[in-house]
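Excluded from the calculations below are hydrogen atoms, water molecules and symmetry mates; all remaining heavy atoms, backbone and side chain alike, are included.
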Amino acid sequence: MNIWGKKIKCLHCDTKFYDFKQKDSKCPKCSKSQVVKFKTYKKTDTKKILDLFYYDGNTKIFSEQNIPLTIDEKIKLKLGWYITELIDKKKKIVKSKNEIIFLEKPPLNGLQQVLAGFRFPGIGNENSNKIINHPDFSLQLLSLDAKTIEDRLNLSHKIASTISITWKIKTDEIILEVILKELSFTNSQIKYFQDNSKDGLISLINSNPSDLLGYIPRVNFEQLNNIYKRLSLKPTEKEFAIAASRFWLSQTEDRRGHTCAPEVKVKEEASRLSNLSIEKIQNYLDEEDSLFFRDFRFDKKVLSSKFSYQRDKSIVDEIIRLQKNFIKPKISNLLRKKDLSMPEKIKLSKEQILSINRSLKQSFSIITGGPGSGKSTLIVGLVESLRKIGKKIVICAPTGRAAKRLTEYKELRSLEPTTIHMHLTVIRNKLKQKYDTIIIDEASMVDINLFLELIQSIPNGSNIILVGDADQLPPIGPGQPFKDMIESKKVNISKLSGNFRQDNLSNIIKASRSIITGKLPSMETDFKNSDFIFIECNKSNQKNLILNLFFEKVPTLLKNTQESIQILSPMHKGNVGIKFLNYDIQQKLTSNSELLFERKDKSLKLFGGDKVIQTSNNYDLMVMNGDIGHVSKKIENKIIVNFDNREVEYSGLDLYDLDLAYAISIHKSQGSEYSAVIIPINSEHIHMLSRNLLYTAITRGKKLVVLVGEKNIFENAINAFWKDTRYTNLVSAMQSNIN
């Protein structure tokens, strides 16, 4: 049965996705409705619309949309241009300066950018500059008929018609874009503003322009400065200090994943951005205590933004909600091994059975353990236990690859494991799944924003069980909720050691356990003696050795082709970085076959048989970030890529989301396993190499892990545990608010 419905394109952000057979489907990226509500465009619409007007000293004037304006005589205005907001498109009375923003000069820079943009095809930069610099040009002229525009500005009839028609049809949107472009906003920020913030700009700028830093995504400090200058505003030192502090906190979250930061560091960076002394920054931060939250982390005084603090508090509130509303199953006795119909090959240990029993009776549970500890087989036992007591189950993972790995167990296939993003997309589109328990595998990969949305979606009465390895890399996004919740000790936590089968552990697992505790593992060089090999090699010979391992040595040992081998490199750059390794392997492996696709900038060529990775979620093609496939063939203008025996047709811009995957980043490998893994250890990558990074890379290999490189760099990386340390405040929020 097809539950996905039709493929559609989002009306707001152009994301392609399935409509789930819903009339009012929501986009998985921007969450906006796809139903056009025509009442929005009626004259009776009460939504505020930005407009421009020129004040020449008269109390009665007209706006650029030809709306009559009356200026209260008590208001003393300067001559010049203003921004205002319209509610009633028949008239407006300006009663206060708080209802308007002074521009002084007309927004010609913004107008030039809009005229040269996509709304006015065929005009371009040259014609748009010519228009605004013409002696007879005025803003009012653009709303007149095409013939008048043509004659007055000496333009071709085609360009004049484009201007006249487009301006009349899209006046509201064009003026909004002109204003925002004049204030240095980017296209993506304008799109966000159009969808979310039309009625807030006037009051926000009149109260405190620095609030734009948290109001519109990716507003940076330079933009804020430009806005102040364009509006002839002179921020107080205090406003500048607060803005600099808030901006740096948001920047360090975006770039490094920290959701709070040492107060000393915040003051230093805010001082650098604002050119104010650290003492002044300190004083102003103390005065605006409500905008920041203070606590301690790693024995340091830390500062978090109000937004970050409220996000942590929201997660705590959701955990408490689940605790209060959870309906405990009526189980008289603990489940035992003999009570479960497990596959013949899976023998659950006592610690696995104990973890399962504890999780069944808790609203919120975490099960954690390293490689070889039995997490995957535990999930099979957990599902069997939940089925035995009549519970309906949903199972998800952060990536498509991790979700597909769950289906390797036939006992889990009927649950159709999916990504968290797809699960939430179904919920957003009003196809709420009724379930008693949701299980999240590879939960350490989930960032704090995704986790908040996930936990908010869980219905009252249900419970959640998170399974993962807290020692892996922190999420790509901000925060580290899985690790923080374990540290807080405020939810049910079960730790799997796997020690019951210590004698059977591979050298790969033994090495990973040594590394995560900061110890140098036993490093064999003979492939006959171990499945964990370290080949010491200087930088100049590393690439040739890696290629020899990839093409000759490892396939011979595994009695398989290169398909089962994955190179994991810490960086894209460098002689043994992802880019050059992929190029060299492609040259030898597939470049003699037919060229099927080439990017315009020549940065990527795809030949038949190439191994590729999807680099972003594509809900139209149902291919997720991190999915690995193989280029199959070309049919007309479409490239066919095979993902686990499912053929996907790529064309147009979708092809730009593919990259070669003979070598991939260690971050991209999370949630996946490979028969053999080859890892370069190179001094060029030293600032990226860390204990958690090595641990994550090594634990991807099932049968063989080969490290090639410099032993001293390897030892330094094992000691560099601090590189993966994140400043977060969720631990404190949970310990302070959960009993």
Subject >> Enclosure of R256 CZ (heavy-atom neighbours >12, cutoff 6.0 Å) >> reply: no

Original post:
Should Q670 and T696 be marked as a side-chain hydrogen bond (donor to acceptor under 3.5 Å, both in side chains) after you check the CA-CA gap, both sets of side-chain angles, and the distance that decides it?
Top reply: CA-CA 7 Å; Q670 286 191 94; T696 302; 4.8 Å; no

**OP:** Determine, for E253 against R311, whether the closest basic-nitrogen to carboxylate-oxygen distance falls under 4.0 angstrom.
**Re:** yes

Original post:
Hey, does V302 have a side-chain heavy atom less than 4.5 Å from the side chain of R294?
Top reply: no

Subject >> Shortest non-hydrogen separation from T419 to G400 and the atoms involved >> reply: CG2-N, 3.5 Å

Original post:
Any idea which heavy atoms bring N449 and P478 closest together, and the distance?
Top reply: ND2-CG, 3.5 Å

**OP:** Check E237, E239, K267 against Y284 for a side-chain hydrogen bond (donor to acceptor under 3.5 Å, both in side chains) and give me the one that passes.
**Re:** E237

**OP:** Could you pull out the closest heavy-atom pair between L382 and S359, with the gap in Å?
**Re:** CD1-CB, 4.5 Å

Original post:
In Å and rounded to the nearest 0.5 Å, what is the SG to CD1 distance from C396 to I439?
Top reply: 9.5 Å

**OP:** May I ask you to check whether F247 and F240 place their ring centres under 6.0 Å from each other?
**Re:** no

Original post:
Any donor-acceptor pair under 3.5 Å linking the side chain of S308 with the backbone of S305?
Top reply: no

Original post:
Sub-3.5 Å donor-acceptor pair from the side chain of N283 to the main-chain atoms of E279, do we have one?
Top reply: yes

Original post:
What is the minimum heavy-atom distance between I666 and L568, and which atoms define it?
Top reply: CG1-CB, 3.9 Å

**OP:** Test side chain to side chain contact (heavy atoms under 4.5 Å, CB included) on D441 and I395 and set out the steps.
**Re:** CA-CA 8 Å; D441 192 21; I395 186 166; 5.6 Å; no

Original post:
With a 3.5 Å cut-off and no angle check, do the side chains of Q352 and T377 form a donor-acceptor pair?
Top reply: yes

Original post:
Do Y409 and I379 touch side chain to side chain, with heavy atoms closer than 4.5 Å?
Top reply: no

Original post:
Between atom CG of L520 and atom CG of N719, what is the distance when rounded to the nearest 0.5 Å?
Top reply: 9.0 Å

Original post:
Under 3.5 Å, side chain of S271 to main-chain N/O of L276, donor-acceptor pair present?
Top reply: yes

**OP:** Using only heavy-atom distances, determine whether the side chains of S414 and R387 contain a donor-acceptor pair under 3.5 Å.
**Re:** yes

Original post:
Pick one: which of K404, R401, R405 meets salt bridge (Lys or Arg N to Asp or Glu O under 4.0 Å) with D627?
Top reply: K404

Subject >> Closest contact, heavy atoms only, A261 versus V266 >> reply: CB-CG2, 3.9 Å

**OP:** Using a strict 4.0 Å threshold on nitrogen-to-oxygen distance, state whether R272 and E268 make a salt bridge.
**Re:** no

Subject >> Distance in Å, L450 CG paired with I440 CD1, rounded so as to fall on 0.5 Å steps >> reply: 8.5 Å

Subject >> Lys/Arg N to Asp/Glu carboxylate O, K238 vs E288, below 4.0 Å >> reply: yes

Original post:
Checking S363 side chain against F326 main chain: does a donor-acceptor pair fall under 3.5 Å?
Top reply: no

Subject >> Spacing of OG1 belonging to T368 relative to NZ belonging to K483, to within rounding of 0.5 Å >> reply: 10.5 Å

**OP:** Could you please spell out the steps behind the side-chain hydrogen bond (donor to acceptor under 3.5 Å, both in side chains) verdict for D436 and S462?
**Re:** CA-CA 5 Å; D436 302 298; S462 300; 5.3 Å; no

**OP:** Using the side chain to side chain contact (heavy atoms under 4.5 Å, CB included) rule, take V491 and I366 through it: C-alpha gap first, then chi angles, then the decisive distance, then the call.
**Re:** CA-CA 7 Å; V491 293; I366 290 176; 3.9 Å; yes

Original post:
Going by heavy atoms in the side chains, are M734 and M485 under 4.5 Å from each other?
Top reply: yes

Original post:
Between CD1 of I356 and CZ of R336, what distance do you get to the nearest 0.5 Å?
Top reply: 14.5 Å

Original post:
Side chains of I389 and P329: closer than 4.5 Å at any heavy-atom pair?
Top reply: yes

**OP:** Give a yes or no answer on whether the side chain of R691 reaches the backbone of F721 with a donor-acceptor pair at less than 3.5 Å.
**Re:** no

Subject >> Distance, nearest 0.5 Å, that separates CG of L303 from NZ of K265 >> reply: 14.0 Å

Original post:
Is it true that a side-chain atom of K668 and a backbone atom of G626 form a donor plus acceptor pair closer than 3.5 Å?
Top reply: no

**OP:** Please check if atom NZ in K280 has more than 12 non-hydrogen atoms from other residues, nucleotides or ligands closer than 6.0 Å.
**Re:** no

Original post:
Within a strict 4.5 Å, meaning less than it, do heavy atoms of the Y727 and K300 side chains meet?
Top reply: yes

Original post:
Would you say the side chain of I515 lies within less than 4.5 Å of the side chain of I698, judging by non-hydrogen atoms?
Top reply: yes

Show me the side-chain donor-acceptor pairs of residues 467-475 shorter than 3.5 Å, one per line, residues at least two apart or across chains.
residue: D469; atom: OD1; partner: D471; partner atom: N; Å: 3.0
residue: D469; atom: OD1; partner: Y695; partner atom: OH; Å: 3.4
residue: D469; atom: OD2; partner: Y695; partner atom: OH; Å: 2.4

Original post:
Where the side chain of T259 meets the backbone of G479, is there a donor-acceptor pair that is under 3.5 Å apart?
Top reply: no

**OP:** Identify whether the distance between the nearest side-chain nitrogen and carboxylate oxygen of R297 and D484 falls below 4.0 Å.
**Re:** yes

Original post:
Is a salt bridge present between K324 and E318, judged by a nitrogen-to-oxygen distance below 4.0 Å?
Top reply: no

Subject >> Stepwise side chain to side chain contact (heavy atoms under 4.5 Å, CB included) test for S304 and D295 >> reply: CA-CA 8 Å; S304 58; D295 214 308; over 6 Å; no

**OP:** Please report the shortest heavy-atom distance between R513 and P371, naming the atom on each side.
**Re:** NH2-O, 3.5 Å

Subject >> Within 6.0 angstrom of K306 NZ, more than 12 heavy atoms from elsewhere >> reply: no

Original post:
Donor-acceptor pair, T407 side chain versus A403 backbone, under 3.5 Å?
Top reply: no

**OP:** Quick one: do K495 and I486 satisfy side chain to side chain contact (heavy atoms under 4.5 Å, CB included)? Show the steps, please.
**Re:** CA-CA 10 Å; K495 293 186 179 180; I486 293 173; 4.3 Å; yes

Original post:
Is the shortest heavy-atom distance from the side chain of L496 to the side chain of L378 under 4.5 Å?
Top reply: yes

Original post:
Taking K375 for the side chain and G369 for the main chain, is one N or O donor matched with an acceptor at less than 3.5 Å?
Top reply: yes

Original post:
So, the side chain of N325 versus the backbone of G461: is there a donor-acceptor pair under 3.5 Å, distance only?
Top reply: no

Subject >> Contact check, side chains of N460 and R321, non-hydrogen atoms, under 4.5 Å >> reply: yes

